[in-house]
Amino acid sequence: METIEKITGETGRRYKCQDIVKALEANIVGSQLAAGVELPCTAELASRYRVSEKTVHRALQHLADRKLIRRVRGSGSFVRGNMGLPPHSRIGFFYFESLNVEIPSFNNILCQNSRLLLKQILEDAGLAVEFHSEQMPNVENCPLLGMELSRFDYIIAEAGYRLVAEQVLRNFPGEVILFGDDEFVFGPWHQVFFDYRPGMRKALEHLMKMGFRKALVVGVPTLSTSQHRYTALCEMADQCGFGSANLAFPVPEEYFFHLPVLCGREYGKLFLKEFKCDTAIFSLSDHLTVGVLDVLYEHGLKPGRDVQLISYDNFLSNVPEFKERFFCNAVTHPLSCEFRAIVKLMSEIHLAPNPDFYRSIVVPAQEFIVRTDGPRAR
């Protein structure tokens with residue numbers, strides 16, 4: 001948002017509603033803000049323009065009425081338009097429903113709400129989107145295997161579809177964009193994938209400032225995502241001086257591959273039994289963190305006071321029933337960053353098509369959230 005920063009840099013000026021409308025409209029119409037870009041939050045705009053949030057709300061509503069932005073309750077305001085995107089394209093969007101039996105409400109936050117946001121962004125750009133979802137990819141229920149795909153110009157699919165439909169994806173005559181992976185995989189497709197390292201390094205440096213030089217790593221040992229995140233954590237530990245040798249990634253006597261909350265509980269018990277107060281906890285998933293927190297709370301231990309706990313994801317802090325108790329430092333990447341990357345990738349493909357050149361965008365998990373107030377009484 002550098003362009004907005006420059007506009008609000010004038011000293012001593014008090015902006016009015018129409019000033020804000022004109023400033024934001026100039027950026028949008030001038031293509032400095034592309035389709036799908038999220039505008040700063042209401043509070044931030046109010047601070048920059050030195051006006052009330054009510055005035056900002058009125059300005060944003062003016063832009064929404066003129067079809068320049070879309071306002072999504074609980075998510076923010078997003079630029080509309082088809083700047084740089086392939087007009088009239090037909091998109092097949094394939095994703096998994098993360099149906100966690102332990103935390104059902106989590107599925108609405110991650111799957112339904114987030115996918116709806118991306119659908120709105122693409123449809124605002126004039127693209128026809130057809131959504132297909134399933135619980136897990138397998139040969140029996142994979143829609144990519146039994147569907148006539150020639151009606152699509154683009155296929156946007158979670159990277160896990162490579163496991164059962166790789167040949168179909170390779171033979172698709174249009175453009176394929178894979179997202180949600182944590183590593184680059186060579187193939188005739190474009191990719192949006194995550195880089196865990198920036199945020200993990202910030203987290204480890206925070207622990208070092210707090211005086212911690214040991215950490216218990218919590219993850220499902222047989223899960224590839226845990227292994228990738230652990231590898232990235234070790235790399236950053238060696239780079240920042242924490243030392244990968246000081247990261248313990250044990251396997252509890254009992255762990256539950258399909259029930260990560262129970263798996264986290266076993267790690268919580270292991271921490272209390274074998275580790276001392278000079279050891280921090282680094283959980284590789286929010287679901288595991290829930291189990292760890294359960295054990296800590298049961299023993300009267302408070303994160304941030306008695307135990308230093310860092311969790312990767314920070315998604316569950318948005319689930320209403322977890323806001324009060326899910327209180328720990330977090331490494332995260334906003335989902336909107338991934339969606340903007342998908343939109344940007346489509347724009348690059350459209351503006352510079354090359355059948356022999358495949359593009360990729362890395363979404364860094366660079367946010368490190370430090371919470372200091374502590375959870376409320378339960």
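Every heavy atom of this structure was used, including side-chain atoms; hydrogens, water molecules and symmetry mates were not.
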In plain terms, say whether E205 and K209 are close enough for a salt bridge, that is, a side-chain N and a carboxylate O under 4.0 Å apart. no

For residues 173-184, the salt bridge (Lys or Arg N to Asp or Glu O under 4.0 Å) pairs (sequence neighbours left out) are R162-D181

Shortest non-hydrogen contact between [X] and [Y], atoms and distance:
X    : Y    : value
F368 : A203 : CE1-CB, 3.6 Å
C263 : V220 : SG-CG2, 4.2 Å
K269 : V295 : N-CG1, 3.9 Å
P250 : L270 : CG-CD2, 3.4 Å
Y297 : P303 : CE2-CD, 3.9 Å
S311 : C328 : CB-SG, 3.8 Å

[atom2] on [Y] to [atom1] on [X], rounded to 0.5 Å:
X    : Y    : atom1 : atom2 : value
I156 : I342 : CD1   : CD1   : 6.0 Å
L45  : E53  : CG    : CD    : 9.5 Å
L178 : S360 : CG    : OG    : 11.5 Å
H62  : K22  : NE2   : NZ    : 11.5 Å
Y161 : H132 : OH    : NE2   : 9.0 Å
H350 : M346 : NE2   : CE    : 9.5 Å

Are side-chain heavy atoms of [X] and [Y] found at a separation under 4.5 Å?
X    : Y    : value
L63  : E25  : yes
D19  : V51  : no
Q308 : H206 : yes
V176 : P188 : no
Y358 : F186 : no
L293 : F326 : yes

Which residues satisfy the side chain to side chain contact (heavy atoms under 4.5 Å, CB included) test with [X], sequence neighbours excluded?
X    : result
E367 : T332, P334, I369
T279 : K214, L216, F271, F275
A59  : C17, I20, V21

Between H333 and the options Y196, Y312, F193, the ring pair (Phe, Tyr, Trp, His ring centres under 6.0 Å) test singles out Y312

Are any side-chain N or O atoms of [X] and backbone N or O atoms of [Y], one a donor and one an acceptor, separated by less than 3.5 Å?
X    : Y    : answer
S283 : L288 : no
T231 : Q227 : yes
D294 : G291 : no

Using salt bridge (charged side-chain N to carboxylate O under 4.0 Å, His left out) as the criterion, list what pairs up with [X], not counting sequence neighbours.
X    : value
E338 : none
K202 : none
D195 : R197
D153 : R90

Using distance only, find each side-chain donor-acceptor pair of residues 165-174 under 3.5 Å and give its atom names and separation, not counting sequence neighbours.
residue	atom	partner	partner atom	Å
E166	OE2	R170	NE	2.9
E166	OE2	R170	NH2	3.0
N171	ND2	Q167	O	3.2

Sub-6.0 Å ring centroid separation between F179 and H190
no

H299 meets the ring-ring contact (aromatic ring centres under 6.0 Å, His included) criterion, sequence neighbours left out, with none

Contacts of Y267 meeting ring-ring contact (aromatic ring centres under 6.0 Å, His included) (sequence neighbours excluded), chain-then-number -> none

In the single-linkage hydrophobic clustering (I, L, V, M, F, W, Y; side-chain heavy atoms under 4.5 Å), do M236 and V362 co-cluster? no

Review point. If Ile, Leu, Val, Met, Phe, Trp and Tyr residues are connected whenever their side-chain heavy atoms lie under 4.5 Å apart, and connections chain through other members, are W189 and F357 in the same group?
Key: no

Which of N314, L309, L207, V370 passes side-chain contact (heavy atoms from CB on, under 4.5 Å) with N329? Answer is V370

Inset, instruction - Using the side chain to side chain contact (heavy atoms under 4.5 Å, CB included) rule, take L60 and L24 through it: C-alpha gap first, then chi angles, then the decisive distance, then the call. - result: CA-CA 9 Å; L60 293 176; L24 294 176; 4.2 Å; yes

- Verdict with reasoning, V218 to T289, per side chain to side chain contact (heavy atoms under 4.5 Å, CB included): CA-CA 8 Å; V218 176; T289 306; over 6 Å; no

Would you find more than 12 non-hydrogen atoms of other residues, nucleotides or ligands less than 6.0 Å from F184 atom CZ? yes

Contacts satisfying ring-ring contact (aromatic ring centres under 6.0 Å, His included) that involve residues 207-231 (not counting sequence neighbours) are Y230-F249

Exercise for review: Might you work through the side chain to side chain contact (heavy atoms under 4.5 Å, CB included) test for T225 and R229, ending with a clear yes or no?
Suggested key: CA-CA 6 Å; T225 302; R229 293 180 181 179; 3.5 Å; yes

| said: Pair F282, L247 - check side chain to side chain contact (heavy atoms under 4.5 Å, CB included), show working. | reply: CA-CA 9 Å; F282 199 116; L247 299 174; 6.0 Å; no

